[in-house]
Amino acid sequence: MIKEINLKKHLIIALFVGLWLRLLCAHFDYGPFALDDYLHGLIPAHLLVDNGSYELPNYRSWLLVWLLSFFLRVGEFFGADNALSKIRVMLYGLGVFSLIGVYGTYLYVRNFNNKIFQIVAIYLVAIYPLSILVSTRAFGETVAMAVILLGFGLCENARLRQQNSLNLIVGLLVLGVACLFRFHVALIWVSYAICLLIINWRRYLLPIIIGGILTLILQMLIDFESNRSLFETFISYLHVNEGGAAGYGVTPWYSTWLLSLAFILAPFSLPLFRNYRALIKSHWILLVITLVFIAIHSLVPHKEERFMFPIVGLELIILSALWSEELNQQNKLSKFFLWVLIVLGVPALGIICLVNFQSAAVDPLLKTNSDQRNTLVLYQDWNTWNDFYSITLNEHGVAKEVELSNLNELSMIDLANNLHSQQIVIVSSNPSLLPIISRLATVNDNKLYCSKVYSASSLIDSIAYKLNPGHNKRRAPANYIVCDVL
């Protein structure tokens, strides 16, 4: 009983610290991790709440958008009234929601006698830098990570402690919900169900069937609410990804394994795997479902980092189990890995929480409150996307691609008057156009007042762009000025 109370105290502390770090990350790091988090998450949710309608591709589930729109409605109730604050409250919501994964971790680890393992697992899932970053990105995979941890915790708690079929069904349904956010998570559901059948098929067959049927019914309801035919989303998903989605690019099979190891700080963590026997003995199901997920994804031609996000939490529990074996012995390896976490983890927390990735694509409009005023955006060689204007410009705002070299004070005033614009934002990601933007920044009279030149970028983006400009065009710094029409 004393251990249980102490573990709950650690859970509360981990939830509090994890919440604070997630809110910090969501506040400062609101730029796009990839295009999809805006195009199929934040932008649709924004338009759904403000305009009442939006069209998603048939292969995209509405589940993520509905969740984000709920967060946005809560945020608007508390005063979020511009594009930047609305994006932030959706990311805040994701951060808060992800804490269910910390609780799911607690439900799992409480079934083991290794006290150090229990504590380490809870804290790693709560405050590990990658876990924080993933938790505040608007992807179905990131939401699935937290739901997987909760579902797995519920299932294993029901199997190991409660011996309750009803609670196991609930856990399987929660795991099923994770699959509905991203269909490839079904690999985890199926592999976990097979593990249960291997243990005792007579006991677990009926809960598996019921949990599976309930998940399918839930998907049918989602399709019905989405005005789609039954299972249309899943069927469209299979069509789009036919042939392993090789048309989107092919990556070597081993990249998935390297990425998964990097998630847990390989090569520094590799010596911990000498405890693999203890890992297999106590956590073989966890290991199997994780390895199956990685192995099958390694065979798919098209791979992206975010495809592996659903198993970040599971990998952290595996890491905790390996490291705790060393910590129990208080040997040099345990201390070495602690220093690795401190030396690499603390700076990583700062980078993740305070650096706004790909800010050049969003800051020129988000930082100028362009959705609050009738704004004319004049751009050349700016690495953003047209859908972004739908939430950063109001109904009278206009974005035009122009030759910046042809602009002068008179042409800018004429354009603004014709479109009844209140401000002009001039922006480019082409460094050769900086002298032109700097010249336009000197305009200052009784009709037009232009600001100094601002640069939208982050340290990480600048480094990545300089190392490989061709591959990192979206990370190129954007120079811009804001001109008030007087």
Side-chain angles (χ1 to χ4, degrees), residues 1-21 98-132 135 145-146 148-150 152-157 159-161 260-261 263-291 311-346 348-349:
M1 185 63 183
I2 295 176
K3 290 184 177 180
E4 187 74 10
I5 293 174
N6 287 338
L7 187 60
K8 287 181 179 178
K9 287 182 180 179
H10 284 293
L11 172 64
I12 292 171
I13 295 171
L15 288 172
F16 177 79
V17 177
L19 173 61
W20 184 80
L21 289 172
S98 72
L99 294 176
I100 67 172
V102 181
Y103 180 69
T105 303
Y106 161 78
L107 290 178
Y108 176 67
V109 301
R110 69 194 290 222
N111 296 287
F112 300 90
N113 293 324
N114 187 338
K115 184 66 179 295
I116 292 180
F117 162 65
Q118 295 173 335
I119 296 172
V120 169
I122 289 173
Y123 280 110
L124 277 185
V125 172
I127 66 175
Y128 191 74
L130 180 61
S131 180
I132 293 169
S135 298
M145 182 193 77
I148 287 169
L149 287 174
L150 179 60
F152 183 69
L154 287 168
C155 287
E156 287 297 275
N157 194 56
R159 182 179 72 88
L160 297 172
R161 173 178 293 228
S260 301
L261 287 171
F263 282 173
I264 54 174
L265 297 181
F268 304 106
S269 61
L270 293 182
L272 299 177
F273 279 88
R274 69 185 186 179
N275 300 305
Y276 71 91
R277 289 187 179 89
L279 177 65
I280 294 173
K281 180 180 178 181
S282 300
H283 309 282
W284 70 272
I285 293 181
L286 171 64
L287 186 61
V288 166
I289 64 176
T290 304
L291 290 178
I311 61 168
V312 168
L314 300 180
E315 286 198 65
L316 291 177
I317 298 176
I318 291 174
L319 178 63
S320 303
L322 293 169
W323 187 27
S324 66
E325 293 294 323
E326 305 294 341
L327 288 169
N328 282 324
Q329 301 174 35
Q330 297 184 354
N331 57 25
K332 292 182 179 179
L333 180 55
S334 68
K335 295 177 182 178
F336 165 76
F337 193 70
L338 175 61
W339 278 108
V340 168
L341 281 176
I342 293 173
V343 172
L344 298 180
V346 173
L349 277 176

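Residue numbers start at 1 and run along the sequence shown.
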Going from [atom1] on [X] to [atom2] on [Y], what distance comes out if it is rounded to the nearest 0.5 angstrom?
X	Y	atom1	atom2	result
Leu327	Ser334	CG	OG	5.0 Å
Phe336	Leu341	CZ	CG	10.0 Å
Ile132	Trp20	CD1	CH2	9.5 Å
Asn111	Tyr106	CG	OH	9.5 Å
Ile116	Asn328	CD1	CG	4.0 Å
Leu316	Ile264	CG	CD1	8.0 Å

Under 3.5 Å, side chain of Tyr128 to main-chain N/O of Phe263, donor-acceptor pair present?
-> yes
Side chain of Ser131, backbone of Val125: donor and acceptor closer than 3.5 Å?
-> yes
Can you find a heavy atom in the side chain of [X] that is under 4.5 Å from one in the side chain of [Y]?
X	Y	result
Asn6	Ile119	no
Tyr108	Leu314	no
Arg110	Asn157	yes
Leu107	Glu156	no
Ser260	Glu315	yes
Phe337	Leu319	yes
Arg159	Ile285	yes
Thr105	Phe152	no

Of the non-hydrogen atoms in [X] and [Y], which two are nearest, and what is the gap between them?
X	Y	answer
Ala14	Ala126	O-CB, 3.5 Å
Pro129	Gly345	CG-O, 3.5 Å
Ser324	Asn114	OG-ND2, 3.3 Å
Leu124	Ser320	CD1-OG, 3.3 Å

What residues form a salt bridge (charged side-chain N to carboxylate O under 4.0 Å, His left out) with Glu325, not counting sequence neighbours?
-> none
Test side chain to side chain contact (heavy atoms under 4.5 Å, CB included) on Val102 and Ile122 and set out the steps.
-> CA-CA 6 Å; Val102 181; Ile122 289 173; 4.1 Å; yes
Residue pairs passing the side chain to side chain donor-acceptor pair (under 3.5 Å) test with at least one member in residues 264-277, sequence neighbours excluded, are Arg274-Glu326, Asn275-Glu326
Worked check of side chain to side chain contact (heavy atoms under 4.5 Å, CB included) between Leu261 and Leu270 | CA-CA 9 Å; Leu261 287 171; Leu270 293 182; 4.2 Å; yes
Can you label the angle between the His10 ring and the Tyr123 ring as parallel, tilted or perpendicular, going by 30° and 60°?
-> perpendicular
What class does the angle between the rings of Phe117 and Phe112 fall in, given that below 30° is parallel, 30 to 60° is tilted and above 60° is perpendicular?
-> perpendicular
Please say whether more than 12 non-hydrogen atoms of neighbouring residues, nucleotides or ligands are located less than 6.0 Å from CH2 in Trp284.
-> yes
